[in-house]
*Asks:* 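Please see the structure below; I have some questions.
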Number of protein chains: 4
Amino acid sequence: MTTHQLTEETQDGFHYTVGPYFDPVLEIEPGDTVEVETEDAFEGAIETEDDLPSEVLGDYLNPQNGPIYVEGAEPGDALAITIEHIEPRGPQPRGTTCTVPHFGGLSATDRTAMLHDPLPEIVKKLEVTTEGTVWNDDITIPYEPFVGTISTSPKIDSVNALTPFKHGGNMDLPDVCPGNTIYLPVEVDGGYVYLGDCHAAQGDGELCGVALEHPTTTTITVDLIEDWELEWPRLESEDFIMSIGSVRPMEDAARAAYADLVAWMADDYGFDEMEAYMLLTQVGHVRLGNMVDPNYTIGAGIDKSYL
Amino acid sequence: MTTHQLTEETQDGFHYTVGPYFDPVLEIEPGDTVEVETEDAFEGAIETEDDLPSEVLGDYLNPQNGPIYVEGAEPGDALAITIEHIEPRGPQPRGTTCTVPHFGGLSATDRTAMLHDPLPEIVKKLEVTTEGTVWNDDITIPYEPFVGTISTSPKIDSVNALTPFKHGGNMDLPDVCPGNTIYLPVEVDGGYVYLGDCHAAQGDGELCGVALEHPTTTTITVDLIEDWELEWPRLESEDFIMSIGSVRPMEDAARAAYADLVAWMADDYGFDEMEAYMLLTQVGHVRLGNMVDPNYTIGAGIDKSYL
Amino acid sequence: MTTHQLTEETQDGFHYTVGPYFDPVLEIEPGDTVEVETEDAFEGAIETEDDLPSEVLGDYLNPQNGPIYVEGAEPGDALAITIEHIEPRGPQPRGTTCTVPHFGGLSATDRTAMLHDPLPEIVKKLEVTTEGTVWNDDITIPYEPFVGTISTSPKIDSVNALTPFKHGGNMDLPDVCPGNTIYLPVEVDGGYVYLGDCHAAQGDGELCGVALEHPTTTTITVDLIEDWELEWPRLESEDFIMSIGSVRPMEDAARAAYADLVAWMADDYGFDEMEAYMLLTQVGHVRLGNMVDPNYTIGAGIDKSYL
Amino acid sequence: MTTHQLTEETQDGFHYTVGPYFDPVLEIEPGDTVEVETEDAFEGAIETEDDLPSEVLGDYLNPQNGPIYVEGAEPGDALAITIEHIEPRGPQPRGTTCTVPHFGGLSATDRTAMLHDPLPEIVKKLEVTTEGTVWNDDITIPYEPFVGTISTSPKIDSVNALTPFKHGGNMDLPDVCPGNTIYLPVEVDGGYVYLGDCHAAQGDGELCGVALEHPTTTTITVDLIEDWELEWPRLESEDFIMSIGSVRPMEDAARAAYADLVAWMADDYGFDEMEAYMLLTQVGHVRLGNMVDPNYTIGAGIDKSYL
């Protein structure tokens, strides 16, 4: 097992869409570990609280590292990516949250289009350490980092880095955190892993659309599971398994997640489908990832003690 | 402070719609406690696993106790109803879950109408004690009871007992549990409290539409808060406050809940609205009540440590 | 066949919720005609362009005439109500449209809740005759009147007059116009017909939420169809039949309408369900009633030439 | 002005995703005309009524001709593509409709995921001429052809040919028919026009997901409008203008379409935004394109007589 570095320098240019049309920046063997220098979702463009998003941001957001080519990965396989460690990097204040005009869960947007003027545009620059994020004199938010965006490549499409879907992507799901493993489908040879957009913490739904964004060194281990066709991303922690649906409206994200979990319980744990359906009614748990991205994300899980 | 009994006998007929058109079955003073004998959501009609819902259920479901008249409650006030205790009652097996044709989160319904035949109809009768619900030889589901349906009366409408909305109703939110207090609007003199539909446990979303239904003795204490106009139900535990939105599609339930929570933080805790919005982005938490009722229910909360 | 008058005077108080809890204001035989003096949706409270909705409107909107008791109508039957004629009444300018704070299709609302300030509040008072509505010097909108709200009574619930659902109600569907017949379910003895809210014209979706509201004399003929259980309202013109779904999200309104139309074609016109489904794919037509009310309304129809 | 041919042979391989990653198959000047040999949505794979979609279809659907490079087109411009003529081609029976497992408006799908078995799989092969499509002995459906899928290229993403969005794509909107002009944004040099998926007729919503698919010779004229930034596709007929929104849920498609139409009326026809909003409430019209694709499509229009 080798440990690779994917630095800003070796990355040599981030991607804002994820698909099969870029050359791999790194080739690894299954079981290898990669230490990735991720940028924040704004690629560092917001340096002070006077840098308004409407003025400093360009066309492209959510820079992704990758693609990482996994030797031997073929369509029909799955990748098992374990988040080993996330650590903030860069000069302080390295955390950023803000409101972006006509974006966010309690704002009119380009899709939920209305005639309202945008909400006020506010930027907060914040000190982030592994101790937490200093929100103000009274509040320090514990450091509970996770990977906001992680995906393999779709077969022929190239999906914007802001969009979560069957390939993973911008799920903004706090369960994609150190210690947990996310399973993603392989649609092209080598799988093509992309990742970025790490959050120092985030509430359910990522309400205003911008969590505690920060640059990190994120360490992942990538394993290959042959012949496991996934429709939606799946996740496993020490305690539970979870299926992840990303679609609109939100009830369809919940349906996709729970239906995939029923299928998982039937295929791999011997449940009758209707039995799984009825048991999840009593003990299933739901995590709202985001309610702001082009698709909303919901994770539906069950404790392993019931399996 | 008086403790009242509202037995099946004194209830003398349940209600399947909640509004101002019925006579109170009990009058209480603010601060009084009521021990309520609730029926299960099927009013006991499903006695064995051979009693199929399509055959034994009548037109009316989700029987409600009440209305309880609270002296002094006037439109513009709120009621603070603390769930003190829930205890199963009735002969074993007193727990029921089942699938109902064309109802449920992973089923075509009358609203999400499709051309599919109904899913299989399955009934499970289960032993329920305060130790838990015996699902099968391997699984016992811990007893984590809560009140599935609780409301005041709308001003002039009478809302079906199956529907959650601004008055409360069939929210199926597990946080309405012993130790917690739910706040409901007063729209008519006396408030008119209705409740029923207690669950021995439930997963997020109440996936198949029928949780662990059981008859109970539920003890509540009802307080009056004058001049507190609520748009949506709110809830308070020892650790957090929560606003509860019930509407379709599900993202609107999330929006309603979070927007009300922002308003609550602004009105009662001194937050600027945009500040509350941005803080909830980092630390808000979401509970999916139901994804099966005429309105979907989401609770959005924040730990008191941040207030 | 008798012709009855239901004047403002004999109505003696309008209703803002429709259910079984009010006494009939008129009893008629099947086949009878009723000339109904309807009020506008604001009950005339907006008299000048200075009367802002936020200042002059009270708690109750959308006044309904009725209930009208139809002799012999029993649960399981349907009423066939033909709109014979609609004529504006009252002093000029008798037409009203306006914007209402936090209401409308391109506005944040109590359900699609956001943090935006309300859009500007604007009132227009307009001359309405059978020639048209004078919008300004350049534009006169043809008089194409219809009944915005018409329903029977639900079985036990009382539904706000602003809400469309299975009983009919505030569908705001321009096809409910002179010459056409709407079919509504009978859920209580006598059926209990309520109506009001006539529009001098309306675009698809009733975008800002307020059409060309005006008081009218509306003439309807009410027939009884025994033993015809309707799930959703249906409509018939000389040229087509249409099923009407009212629910959120809007795709569910479309699904409900089309699924009911498939059932209608199967039950009454001898189609195989899948055949109807595939034919509607090629020739079905959709009318968006409203995109602003508590439920959105879609009518799905097919030309009789295909039946 | 030149007339070009884009035959199956010169196309030399169709595309199933539309983006900037393919080489142009044709370069034209603004004002030029192109006669395009389109394939049907199944690329001819369904030849008889025994060819079940689940057996004969591969991974890729909805073959697109293009990309066509338009000289001088630059980001910030728009293309005005007039549909001049559509004519069926190929051997009879050249029309195809069918049901596809877990796809369609009244079916559980991968997104509106449920536990139902798929609906029956049925294929119909149909004679199509410019006189109409022979459905059966009694029914001939008039030939009202249109282009189901037409787009420019997104800036960096490559969008599946089945998906409609801001670039156009699989809108399935019957107004994209001979005589009308669709306006699409230019996001990359040359614009990159893709098209295909012509329908011999289609009902509103394309209910089962498969219209009267047929191969055609489709003639378009492509003009360039400099410095006209479009957020959503727009359309113009002799009588009306229309904005086209494609997103989920369906109410957001309606909002996007109407909001864009308000902006269009304000920018190009001198309306105050609120005035446009209120006028559209009275005279706007809505066309439901599809209720089956990854995004639902709604066109919102207004007659030119009101502009």
*Asks:* Tell me yes or no: between the side chains of D/Y296 and D/E251, is some donor less than 3.5 Å from an acceptor?
*Replies:* no
*Asks:* Out of D/V247, D/L115, D/V18, D/T109, which one racks up the most heavy-atom pairs below 4.5 Å with chain A?
*Replies:* D/L115
*Asks:* CG/D/N170 to CG/D/N295 distance, rounded to the nearest 0.5 angstrom?
*Replies:* 10.0 Å
*Asks:* Side chain, backbone, both or neither: which part of D/V159 has a heavy atom under 4.5 Å from chain A?
*Replies:* backbone
*Asks:* Looking only at side chains, do A/Y306 and A/Q282 share a donor and an acceptor under 3.5 Å apart?
*Replies:* no
*Asks:* Heavy atoms only, distances under 4.5 angstrom: which of D/V262, D/I156, D/T163 has the most pairs with chain A? Name it, please.
*Replies:* D/I156
*Asks:* Would you call A/D252-D/R111 a salt bridge at under 4.0 Å N-O?
*Replies:* no
*Asks:* Heavy-atom pairs under 4.5 Å with chain D - which of A/K155, A/E273, A/M114 has more of them than the others?
*Replies:* A/K155
*Asks:* So, using ring pair (Phe, Tyr, Trp, His ring centres under 6.0 Å) as the criterion, who are the partners of A/F271 when residues are at least two apart?
*Replies:* none
*Asks:* Between A/R234 and A/Y183, is NZ or CZ placed under 6.0 angstrom from the six-membered ring centre and within 45° of the ring axis?
*Replies:* no
*Asks:* So, D/D157 and A/T17: side-chain donor and acceptor under 3.5 Å apart, yes or no?
*Replies:* yes
*Asks:* Of the backbone (N, CA, C, O) and the side chain (C-beta and beyond), which part of A/E231 lies under 4.5 Å from a heavy atom of chain D, both, or neither?
*Replies:* side chain
*Asks:* Taking atom types as modelled, is there a side-chain donor on A/D260 or A/S243 under 3.5 Å from an acceptor on the other?
*Replies:* yes
*Asks:* Give me the contact list for residues 54-67 of chain A versus chain D, heavy atoms only, anything under 4.5 Å, ordered by residue number.
*Replies:* A/D59, A/Y60
